[in-house]
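Presented below is the structure to which this report refers.
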Amino acid sequence: MGATAKTPGLDAEYRLLLEEAGLLRRNELTVLEITGSEGAEFLQGQLTNDVEALEPGTGCYAALLDRKGKMRSDMVVLRLAPDSILLVLPVATAGEVGGHLDTYRIGRDAEVARREELAITSVIGPRTAEVLGGVPLGPEHTHRTLRLAERDALAVTSAGGADLIAPAEALDAVEEWLGGRGAEPVSAGAAAILRVEAGRPAFGAEMGNDTIPQEAGINARAVSFEKGCYIGQETVARLHYKGKPNRHLRRLRADGPLAAGAAIMLGDREVGKVGTAVLSPASGWLGLALVRREAEPGATVSVGQIVARVEEIQA
């Protein structure tokens with residue numbers, strides 16, 4: 001995602017997300033479904049988090065790694081029933097993840113299907129529960145089916161509100177109904193400001209196929225160190241218990257415009273590239289990036305002609 005320019009509209013959307021409820025159709029996300037009596041056991045050996053421990057109605061954040069411990073994708077895992085699990089993941093990685101799972105499921109009672117008819121809308125802001133009909137939201141990734149605008153939608157609690165999953169035509173009607181209850185459409189740029197302020201990385205921006213989970217600061221959310229083996233576990237465990245990652249997720253606070261992909265320089269050495277850059281109405285120019293460990297929190301770096309300060313992100 002590139003730099004987000006400050007506009008009157010963006011300022012209003014930002015305030016809406018902080019004070020009310022905003023709607024954002026998440027076209028960058030898609031859904032895979034894993035069905036069968038051995039689906040959870042199968043995913044347990046593929047993903048970084050403890051899928052088998054999930055009860056229906058709960059979920060978790062996880063990643064699929066290669067054998068060197070580098071990420072192929074991140075995802076949210078939702079256990080609908082003992083024999084049905086949804087994976088919500090980037091469209092850009094769905095083909096690779098689906099192909100991988102379809103190959104490794106051979107010999108198990110587990111089927112992998114792309115649910116292309118499903119779409120996702122995020123409701124973001126403190127009035128989320130109210131506009132959804134006053135239903136209390138549970139812990140992050142818990143979910144239930146709600147009847148909204150005479151349509152069924154799976155409502156999944158997110159860090160900032162809730163994600164609604166339903167066929168696209170149903171979501172159109174649901175969004176219109178939510179609009180009548182005070183929720184208003186917002187741009188991806190406005191939501192990105194909140195994500196950067198919260199220090200949450202996104203796959204394809206701060207994270208990619210060269211990223212180990214610990215570098216991106218997602219171990220606490222995405223990795224179980226109590227479960228059995230999974231692809232890439234050896235590298236992840238070794239780095240967690242004995243190693244020091246070469247890179248860390250950091251926030252940059254700059255005195256001028258930042259641009260996604262721009263080199264971050266510590267003296268004459270490049271220590272990373274900007275992942276996401278935003279202009280926060282509250283905090284000015286901010287960026288998220290993986291930077292080398294020598295650029296410690298408090299260090300001053302340069303991004304082109306712009307000076308920025310490196311900040312640690314609190315878990």
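Values reported hereafter were calculated over all heavy atoms of this structure, with side chains retained and with hydrogens, waters and symmetry mates removed. None of these values were measured; they are calculated from a predicted model.
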Quiz item: If we ignore angles and hydrogens, is there a donor and acceptor under 3.5 Å between the side chains of Asn246 and Glu215?
Solution: no

Self-check item: Within 6.0 angstrom of Arg67 CZ, more than 12 heavy atoms from elsewhere
Solution: no

Quiz item: Under a 4.5 Å cut-off applied to non-hydrogen side-chain atoms, are Ile193 and Pro281 in contact?
Solution: yes

Practice problem: Report the distance from atom CG of Leu249 to atom CD1 of Ile313, rounding to the nearest 0.5 Å. | Solution: 3.5 Å

Quiz item: Under 3.5 Å, is there a donor-acceptor pair between the Arg26 and Ser122 side chains?
Solution: yes

Quiz item: Is the shortest heavy-atom distance from the side chain of Arg25 to the side chain of Leu171 under 4.5 Å?
Solution: yes

Quiz item: What do the steps show when you test Leu64 against Met75 for side chain to side chain contact (heavy atoms under 4.5 Å, CB included), and what is the final call?
Solution: CA-CA 8 Å; Leu64 176 68; Met75 64 196 71; 4.0 Å; yes

Quiz item: With the threshold set at 4.0 Å, does a side-chain nitrogen-carboxylate oxygen contact exist between Arg72 and Glu96?
Solution: yes

Quiz item: Would you find a donor on one side and an acceptor on the other, under 3.5 Å apart, between the side chain of Arg251 and the backbone of Val196?
Solution: yes

Exercise. Using the side chain to side chain contact (heavy atoms under 4.5 Å, CB included) rule, take Val274 and Leu252 through it: C-alpha gap first, then chi angles, then the decisive distance, then the call.
Key: CA-CA 9 Å; Val274 178; Leu252 303 178; 4.2 Å; yes

Quiz item: Should Leu266 and Val303 be regarded as members of a common hydrophobic cluster, given that ILVMFWY residues are connected when their side-chain heavy atoms come within less than 4.5 Å of each other, either directly or indirectly?
Solution: yes

Quiz item: What about Trp177 and Leu164, same hydrophobic cluster or not, with Ile/Leu/Val/Met/Phe/Trp/Tyr joined at side-chain heavy-atom distances under 4.5 Å?
Solution: yes

Quiz item: Which pairs pass salt bridge (charged side-chain N to carboxylate O under 4.0 Å, His left out) with one or both residues in residues 176-188, sequence neighbours excluded?
Solution: none

Quiz prompt | Heavy atoms of other groups near Glu270 CD, more than 12 under 6.0 Å | solution = yes

Self-check item: Nearest heavy atoms of Glu312 and Pro297, plus distance in Å
Solution: CB-CG, 3.7 Å

Exercise. Output the distance between atom CD (Glu311) and atom CG (Leu286), rounded to the nearest 0.5 Å.
Key: 7.5 Å

Quiz item: Ion pair present between Glu197 and Arg195, side-chain N to carboxylate O less than 4.0 angstrom?
Solution: no

Quiz prompt | Val51 and Arg79, any side-chain heavy atoms less than 4.5 Å apart | solution = no

Quiz item: Is Leu23 reachable from Val135 through a run of hydrophobic residues whose side-chain heavy atoms are each under 4.5 Å from the next?
Solution: yes

Self-check item: Any Gln46 side-chain heavy atom under 4.5 Å of Leu101 side chain
Solution: yes

Exercise. Please step through side chain to side chain contact (heavy atoms under 4.5 Å, CB included) for the pair His240 and Asn219, ending with a clear verdict.
Key: CA-CA 9 Å; His240 176 70; Asn219 270 9; 3.8 Å; yes

Practice problem: Sequence neighbours left out, what passes salt bridge (charged side-chain N to carboxylate O under 4.0 Å, His left out) with Glu234? Give chain and number order. | Solution: Arg238

Practice problem: Tell me, please, whether Phe42 has Arg105 positioned over its six-membered ring: NZ or CZ under 6.0 Å from the ring centre and within 45 degrees of its axis? | Solution: no

Quiz item: Taking the side chain from Lys70 and the backbone from Leu65, do they hold a donor-acceptor pair closer than 3.5 Å?
Solution: no

Practice problem: Please check if the side chain of Glu33 supplies one atom and the backbone of Leu87 the other of a donor-acceptor pair under 3.5 Å. | Solution: no

Self-check item: For the student: nearest non-hydrogen atoms of Pro245 and Leu239, plus distance
Solution: N-CD1, 3.8 Å

Quiz item: Shortest non-hydrogen contact from Ile218 to Pro201?
Solution: CG2-CG, 3.8 Å

Quiz item: So do Val123 and Leu178 actually touch side chain to side chain, heavy atoms under 4.5 Å?
Solution: yes

Exercise. Compare every heavy atom of Ser280 with every heavy atom of Tyr14, then report the nearest pair and how far apart it is.
Key: OH-OG, 3.8 Å

Quiz prompt | Whether Ser84 side chain and Ala81 backbone form a donor-acceptor pair below 3.5 Å | solution = no

Exercise. Find the distance between CD (Glu175) and CG (Asp172) and round it off to the nearest 0.5 Å.
Key: 6.0 Å

Exercise. Only one of Val88, Ile165, Ile120 passes side chain to side chain contact (heavy atoms under 4.5 Å, CB included) with Val156; say which it is.
Key: Ile165

Quiz item: Taking everything shown except Arg292 itself, do over 12 heavy atoms lie less than 6.0 Å from its CZ?
Solution: yes

Quiz item: Say you draw a straight line from CD of Gln214 to NZ of Lys244; how long is it, rounded to the nearest 0.5 Å?
Solution: 11.5 Å

Quiz item: Under 3.5 Å, is there a donor-acceptor pair between the side chain of Thr142 and the main chain of Pro139?
Solution: yes

Quiz item: Under 4.0 Å between a Lys/Arg side-chain N and an Asp/Glu carboxylate O for Asp74 and Arg221?
Solution: no

Quiz item: Who are the side-chain contact (heavy atoms from CB on, under 4.5 Å) partners of Ala254, not counting sequence neighbours?
Solution: Leu258, Trp285, Ile306, Ala308

Quiz item: Looking only at atom types and distance, does a side-chain atom of Lys273 sit under 3.5 Å from a main-chain N or O of Ala260, one as donor and one as acceptor?
Solution: no

Practice problem: Evaluate whether atom CD of Glu169 has more than 12 neighbouring non-hydrogen atoms of other residues, nucleotides or ligands under 6.0 angstrom away. | Solution: no

Quiz prompt | Heavy-atom side-chain contact between Met71 and Ile212 under 4.5 Å | solution = no

Quiz prompt | Close side-chain approach of Phe225 and Thr48, heavy atoms under 4.5 Å | solution = no

Quiz prompt | Closest contact, heavy atoms only, Leu288 versus Gly199 | solution = CD2-CA, 4.1 Å

Exercise. Have a look at Leu78 and tell me which of Ile85, Leu154, Asp163 forms a side chain to side chain contact (heavy atoms under 4.5 Å, CB included) with it.
Key: Leu154

Quiz item: Where the side chain of Ser158 meets the backbone of Gly161, is there a donor-acceptor pair that is under 3.5 Å apart?
Solution: yes

Quiz prompt | Nearest heavy-atom neighbours spanning Asn49 and Ser224 | solution = OD1-CB, 3.7 Å

Quiz item: Distance-only, no hydrogens or angles: does the Glu117 side chain make a donor-acceptor pair with backbone N or O of Pro167 under 3.5 Å?
Solution: no

Practice problem: Would you sort out whether His100 and Ile231 count as a side chain to side chain contact (heavy atoms under 4.5 Å, CB included), showing the intermediate values? | Solution: CA-CA 11 Å; His100 170 95; Ile231 295 173; 3.5 Å; yes

Quiz item: Do Thr276 and Glu206 meet the criterion of a side-chain donor-acceptor pair at a distance under 3.5 Å?
Solution: yes

Quiz item: If we only count heavy atoms from C-beta on, is the Arg247 to Arg293 side-chain gap below 4.5 Å?
Solution: no

Practice problem: Flag the pair Asp102 and Arg114 as a salt bridge only when some basic side-chain nitrogen lies within less than 4.0 angstrom of an acidic carboxylate oxygen. | Solution: no

Quiz item: His143 side chain to Thr58 main-chain N or O, any donor-acceptor pair under 3.5 Å?
Solution: yes

Self-check item: In one Ile/Leu/Val/Met/Phe/Trp/Tyr side-chain cluster, 4.5 Å: Leu148, Ile124
Solution: no

Quiz item: Do you reckon Leu86 sits in the same ILVMFWY cluster as Val97, going by side-chain contacts under 4.5 Å, direct or chained?
Solution: no

Practice problem: Please work out whether the ring planes of His141 and Tyr61 are parallel, tilted or perpendicular, with thresholds of 30° and 60°. | Solution: parallel

Self-check item: Atom pair CG (Leu47) and CD1 (Ile34), whose distance is rounded to the nearest 0.5 Å
Solution: 8.5 Å

Exercise. Answer with yes or no whether the side chains of Asp109 and Ser37 bring together a donor and an acceptor at under 3.5 Å.
Key: yes

Self-check item: Arg200 bridged to Glu140 by N-O distance under 4.0 Å
Solution: yes

